[in-house]
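First comes the structure, then the notes that go with it.
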Amino acid sequence: METPANSSQGAEEKAQSSLDFIRQAVASDLQSGKCSGVVTRFPPEPNGYLHIGHAKSICLNFGIAKEFGGRCHLRFDDTNPSKEEQEYVDSIQEDVRWLGWDWGPHLYYASNYFQQLYDWALYLIRAGKAYVCDLNADEMRAYRGTLREPGRESPYRNRSIAENLRLFERMKAGEFPDGSRTLRAKIDMAHANLNMRDPVLYRILHAPHHRTGDKWCIYPMYDFAHGQSDAIEGITHSICTLEFEDHRPLYEWFIENLPVPHKPRQYEFARLNITYTVLSKRKLLDLVQGGCVSGWDDPRMPTLAGLRRRGYTPEAIRAFCDKIGVAKSNSTVDVAFLEECLRDDLNKRALRRMAVLQPLKVVLENYPDGRGETFELPNNPEDPAAGTRAVPFTKSLFIEREDFQEDPPKKFFRLAPGREVRLRGAYLVTCTGVIKNDGGEVIELRCKVDHATRGGSAPDGRSPKATLHWVSASHAVDATVRLYDRLFAKPNPDEYPEGADYKANLNPRSLVVLEGCKLEPGLKEAKPGDRFQFERQGYFCCDPDSGEGRLVFNRTATLKDAWAKIQARTGGGKIVKGEG
RNA sequence: UGGGGAGUCGCCAAGCGGUAAGGCAGCGGCCUUUGGAGCCGCCAUCCGGAGGUUCGAAUCCUCCCUCCCCAGCCA
């Protein structure tokens, strides 16, 4: 992120609260003069789509660069061609940009450094610090030892420098099959840290690379590529997750033993976990390939593509990443926290609309047949500047099915026989009749309008406890509404019964599709990506499946629902809202 | 029973020897033409445990307990 001007503003704001341990280190390095500027990097492997966990890392890296007036590189860690694809490098760039970050001209690939890395491998060989090993994978595992027993030195460990050079050259030339040989660092087979027991630097992989094609058939391992890439790019603070903590000695070993132009420092923080979802690329890939979801961008997926389609805003995700903090203890953040960040953002900006998801017809018996009027309703009560929109009102309307109960329980203060409620922005109406079909199901209501309450307020000051949303039957536009809920039914999907796997915890009601929903007519113009608050229902986002006279909306999040809470408390329960 | 990390409110998380921030959730109340939003109040005499140092410890020392990561030619 290139932010020459106005760069310290963020840091100052942060300082007012308190800096996380990484920002403290950055601030201290800057102040002590150890670093003259800060350079970070976000280094994804292009083997899957970015998810909310990556967002935490992205916001950390790009955020620090922005706050401290430095820059952040986007670098693809593409050292394993067998798993990586161009589709992923494209989606990653799209997602980082969507999140609101800009790497300027600093787009890099570890594969750009393959030649330099190869030269450095030669350097280590010449220094007697690396050797070609003929052990196969099984043998190497056996030689590595265990957690408490030291390993044994490879029989190939003491080859001459000349032979190592010759063999490595031939590995590069493609003379040997995959897996037959590796280049290893000569460190210490008895080291307590397994990463230091002569780690593999290069393996043979006769696989075309999405960027280098078939130029190479040997590829550097993560450990041999990452730190040196950081060094090449002048990264000052190389931030990664906790599981790389015990790779740090190796990271430093390379930096110390190679003539690198710069010495970066690695810092580790706890990766993000969220309740009711999984955040591992392996499982996410599994869900996609297993058909459990419609794709990487299924609105139930915690991927940035999924969250975007669900209706999440980049602002909400950034706020979330900001608020959860950065530390080193393993943590699982309540998904309700993410949802709250979304509501907080959308409450201020989303235009309000009325949408009846499960329609129940209402006929106003004392309202003239041919009459129609229009009400001007605010687009957003939180923001008068958002203006108003016109909503038509007629004798026959739709209201929400669950807003009427023939035999209302305690604390249910919506519509019931003989009861008066307010139709938002329109009139006070009283239920005077209930029409049922042969099955005893309520199919229509008769109500009487109090004509003196036009606009929704009564001259005598009375005010019903409930205000319902409504749509004029003759003006309503039909739509499909997809009610999304948590992908998993358990807070921790990894708690599954013996013999099962995490997919046993998939929430069977994570998607409920409603057809024939009745929306206020203005919504006909909605375009994919448009977000609204459907009053009293939640936030919804127009899905790309819309078009050619078809409207599809995705529920991003429900509104907080006091009535649902009361029901849950009293053992009741909602059927379709299903918000855990 | 090797090495590396972490343990502060149900969930995140400040705190860095001077006497427990904040957010989310929850619970009350006010307000409200969204049972939304907003506003007000409550919510850790205690910081994994036990000792010790100190006038004073969540912060320093000792021992113990629990959890996470590492034995890919993945990243």
Side-chain angles (χ1 to χ4, degrees), chain A residues 17-20 24 43-45 47 77 79-80 82-84 133 135-137 140-142 144-151 178-184 191-197 199-205 218-219 221-223 225-226 240-249 268 270 272 275 281-282 323-341 343-344 347-348 352 354 377-378 381-382 411-414 422-426 428 453 455-457 463-469 491 533-538 558-566:
Chain A
S17 47
S18 64
L19 299 179
D20 58 70
Q24 281 178 24
E45 181 189 12
N47 67 343
D77 229 330
T79 57
N80 185 356
S82 67
K83 293 185 176 175
E84 297 152 7
C133 182
L135 256 25
N136 64 34
M140 197 179 293
R141 184 170 22 240
R144 185 153 34 228
T146 67
L147 292 181
R148 52 198 137 35
E149 283 153 21
D178 289 3
S180 60
R181 280 178 230 259
T182 57
L183 180 73
R184 295 226 257 165
H191 202 110
N193 181 340
L194 300 254
N195 292 124
M196 300 298 272
R197 319 243 262 226
V200 171
L201 269 36
Y202 269 89
R203 76 287 215 182
I204 301 171
L205 228 46
I218 55 172
Y219 292 92
M221 297 290 290
Y222 163 84
D223 286 306
H226 201 90
C240 61
T241 42
L242 252 29
E243 66 270 26
F244 292 101
E245 207 150 17
D246 45 8
H247 285 243
R248 195 167 68 219
E268 311 86 12
L272 174 66
T275 55
K281 282 198 197 172
R282 200 214 99 219
K323 289 181 176 181
I324 55 176
V326 177
K328 295 192 74 160
S329 63
N330 293 105
S331 62
T332 301
V333 177
D334 192 336
V335 70
F337 194 73
L338 210 209
E339 291 167 352
E340 191 47 32
C341 290
R343 291 191 195 99
D344 186 53
N347 174 50
K348 292 176 246 163
R352 314 288 130 123
M354 292 195 287
L377 268 54
E382 301 289 317
K411 295 201 178 171
F412 177 89
F413 42 81
R414 274 112 97 148
R422 171 164 38 235
L423 292 181
R424 167 125 244 220
L428 263 42
T453 60
S457 46
S463 184
K465 282 187 115 174
T467 297
L468 311 186
H469 57 281
Q533 183 198 98
F534 287 173
E535 291 210 41
R536 305 207 305 132
Q537 297 284 356
T558 59
L559 249 26
K560 280 188 196 157
D561 189 340
W563 170 236
K565 201 179 276 184
I566 290 168

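Because only heavy atoms are used, hydrogens play no part in the values below, and waters and symmetry mates are left out as well, while side chains stay in. Throughout, protein chains are lettered first and strands after them, A, B, ... in sequence-line order, and every chain is numbered starting at 1.
- Nucleotides of RNA chain B nearest to A:Asp77 and A:Asn195 differ in position, and the one nearer the 5' end is that of A:Asn195.
- Protein atom CG of A:Asn330 is 8 Å distant from nucleotide atom C1' of B:rG5, rounded to whole Å.
- As judged by a 4.0 angstrom heavy-atom cut-off over every strand, A:Asp334 is placed among residues touching the sugar-phosphate backbone only.
- Contacts of A:Thr79 with the nucleic acid, taken as non-hydrogen atoms under 4.0 Å apart, involve only primed sugar atoms and P, OP1 or OP2.
- Looking at heavy atoms from C-beta onward, A:Leu377 lies in side-chain contact with A:Met354 at the 4.5 angstrom threshold.
- For B:rG15, one of the phosphate oxygens OP1 or OP2 lies less than 4.0 angstrom from a side-chain nitrogen or oxygen of A:Gln24.
- Contact annotation for A:Pro381: base contact, defined as any heavy-atom pair under 4.0 Å involving a base atom.
- Residue contacts for A:Thr182: at a heavy-atom cut-off of 4.0 Å it reaches a base atom on one of the strands shown.
- Using a 4.0 Å heavy-atom distance criterion, A:Ala137 is classed as a base contact.
- Regarding contacts with the backbone of B:rG72, a side-chain N or O of A:Arg144 is found under 4.0 angstrom from either OP1 or OP2.
- In B:rG72 the O4'-C1'-N dihedral to the base is within 90° of 0, which defines a syn nucleotide.
- At a threshold of 4.0 angstrom between heavy atoms, the contacts of A:Phe534 with the nucleic acid are absent.
- For A:Glu382 against B:rG36, a side-chain-to-base donor-acceptor contact under 3.5 Å is present.
- A:Asn136 comes within contact range of at least one nucleobase, with a heavy-atom separation under 4.0 Å.
- Salt bridge status for A:Glu45 with A:Lys281: absent, with no side-chain N to carboxylate O gap under 4.0 Å.
- Side-chain atoms of A:Leu242 lie closest to B:rG5 of the nucleotides B:rG36, B:rC73, B:rG5.
- Distance, A:Leu194 CG to B:rC73 P: 11 Å, rounded to whole Å.
- Within the 4.0 angstrom heavy-atom criterion, only backbone atoms of the sugar-phosphate kind lie near A:Thr467; the bases stay farther away.
- A:Phe244 comes within 4.0 angstrom of a base, heavy atoms only.
- A:Gln533 comes within 4.0 angstrom of a nucleotide base, judged by non-hydrogen atoms across all strands.
- Within the nucleic acid shown, A:Met140 comes within 4.0 Å of at least one base atom, counting heavy atoms only.
- Using a 4.0 Å heavy-atom criterion, one finds that A:Ile324 contacts the sugar-phosphate atoms exclusively.
- Mapping A:Arg248 and A:Lys411 onto RNA chain B via the closest heavy atom, the residue that lands nearer the 5' end is A:Arg248.
- A:Tyr219 comes within 4.0 angstrom of nothing in the nucleic acid, heavy atoms only.
- The residue A:Leu135 sits close to a base: some heavy atom pair falls under 4.0 Å.
- Spacing between atom NE2 of A:His226 and atom C1' of B:rA75 amounts to 10 Å, rounded to whole angstrom units.
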